[in-house]
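The structure under discussion appears below in the form of structure tokens.
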Amino acid sequence: MIIILKQGVSTREIADVVARVEELGFRAHLSQGEERTIIGVIGDERRIDPAVFEVMPSVDHCVPILRPFKLASRDMRPENTVVRLNGVRIGAEEVVIMAGPCAVESRSQLLETAFAVKEAGARVLRGGAFKPRTSPYSFQGLGEEGLALLAEAREATGLPIVTEVMAPHDVPLVAEHADILQIGARQMQNFSLLHAAGESGRPILLKRGIMSTMEELLMSAEYILTHGNFRVMLCERGIRTFETYTRNTLDINAVPMLKELTHLPVIVDPSHGTGQWRLVPAVARAAIAAGADGLLIEVHPRPDQALSDGGQSLKPETFHRLVLEARRVAEAVGRKL
Ligand code: PEP
Ligand code: MN
């Protein structure tokens, strides 16, 4: 349930309502918007009696949140959450492009890609150090060495870093190096990892599971939010369907649907969503037109030599063209890029 306070209530009155919520054995989540202050009451919805709060002079009215996700719900926070890092604002007017190699392979590969994507207009550098691979015989990533290279690339370019963390025990290490922790599609329901990500206090890029519904994605986000970490971005990266011509089926519906259901920024990954570099620019443009707050794109200077996902990686010059075209779409739908 959410408690909507009257306009112009004092800090003292807000604290009184929060205290009452906690006294009754619930947790209170305070959200102070420009227009109004709302307090989310977190706990067993059936046990919450709105009348208890509606008698308080500072309370305007109460609204039940019927959806299973509460903190992630737009009812709880009507305005968009904006994730801020190093001057980049994700979830605001600008469509933010995160780009880089699927995996960090070497110092030269990473730095070459990092400078190229920055030059083309990327605002965040991606690159995996811990890689979730289907086969144990495939390249698994450089691990800690990869993290150090990412940190070096950040120093050199000024771009914040997003990189995947696969295991709860790696969260402190990855959080030490990265600006955004990526939780991959295969880990979306690793609940221990979600708790650890919540505790890290770092912004989180949470990717939709290969076979997960939007509601399951939002419930996973809810795990992170319950730790008070609200810097969560959702990522549509394609789901598995009966279609075989593309690696995954990018669910474009998820963009406007999630924007309606949640205040969290929505990022689209057309690289994994299609699995083919030729399709990436068109799907990237579609994502922006549908309302995406950002894109996650794989770029490699020599895709034919890539140790992972070469077939869906763009060469820097193709990426550059993508950004120019995407900018025109962004402007057409009232965004900046
Ligand atoms: C990736 O971003 O390289 C990746 C492994 O993504 P996903 O978890 O969506 O497959
Ligand atoms: Mn990849």
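It should be emphasised that the depicted structure is a prediction, and the values quoted were computed from it without experimental measurement. Remember, it's 1-based here, ligands and their atoms both numbered in the order they're listed.
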Less than 4.0 angstrom from a charged side-chain N to a carboxylate O is my criterion; do Asp16 and Arg20 meet it? no
Please check whether Lys131 reaches ligand 1 - meaning an N/O of the residue sits under 3.5 Å from an N/O of the ligand, judged on distance alone. yes
Check: Asp269 N/O within less than 3.5 Å of ligand 1 N/O: no
With atoms numbered from 1 as shown, which atoms in ligand 1 lie under 4.0 angstrom from a non-hydrogen atom of Gly184? 8 (O)
Pairing of Arg302 and Glu112 as salt bridge, 4.0 angstrom limit: yes
Look only at interatomic distance and state if Ala185 has a nitrogen or oxygen under 3.5 Å from any nitrogen or oxygen of ligand 1. yes
In ligand 1, which numbered atoms sit nearer than 4.0 Å to a non-hydrogen atom of Cys102? 3 (O)
Once the angle between the rings of Tyr223 and His195 is folded into 0 to 90°, is it parallel (under 30°), tilted (30 to 60°) or perpendicular (over 60°)? perpendicular
Closest non-hydrogen protein atom to atom 1 (C) of ligand 1, residue and atom name please, with distance? His272 CE1, 3.2 Å
In Å and rounded to the nearest 0.5 Å, what is the CG to CG distance from Asn80 to Leu264? 9.5 Å
Any atom of ligand 1 sitting under 4.0 Å from a heavy atom of Pro132? yes
Residues His272 and Glu298: side-chain donor-acceptor under 3.5 angstrom: yes
For Val96 versus Arg123, what's the shortest heavy-atom pair and its separation? CG1-CB, 3.9 Å
Write out the residue and atom name of the closest protein heavy atom to atom 6 (O) of ligand 1, then the distance separating them to 0.1 Å. Lys207 NZ, 2.9 Å
Go through ligand 1 atom by atom and flag the ones less than 4.0 Å from a non-hydrogen atom of Arg237. 7 (P), 9 (O), 10 (O)
Tell me which N, O or S atom from Asp309 is the closest to the Mn ion (ligand 2). OD2
So what does the His272 NE2 - the Mn ion (ligand 2) - Cys102 SG angle come to, to 10°? 170°
Which N, O or S atom of Glu298 lies nearest to the Mn ion (ligand 2), by name: OE2
N or O contact, Gln182 vs ligand 1, cut-off under 3.5 Å: yes
Over all atoms of both residues, closest heavy-atom pair of Arg36 and Pro78: NH2-CG, 3.2 Å
Interatomic spacing from CG in Leu217 to CZ in Arg237 - rounded to 0.5 Å: 11.5 Å
Proximity flag Gln187 to ligand 1, non-hydrogen atoms under 4.0 Å: no
So that I can tick it off, tell me whether Glu13 and Lys6 are bridged by a salt bridge, with the cut-off set at under 4.0 angstrom between side-chain N and carboxylate O. no
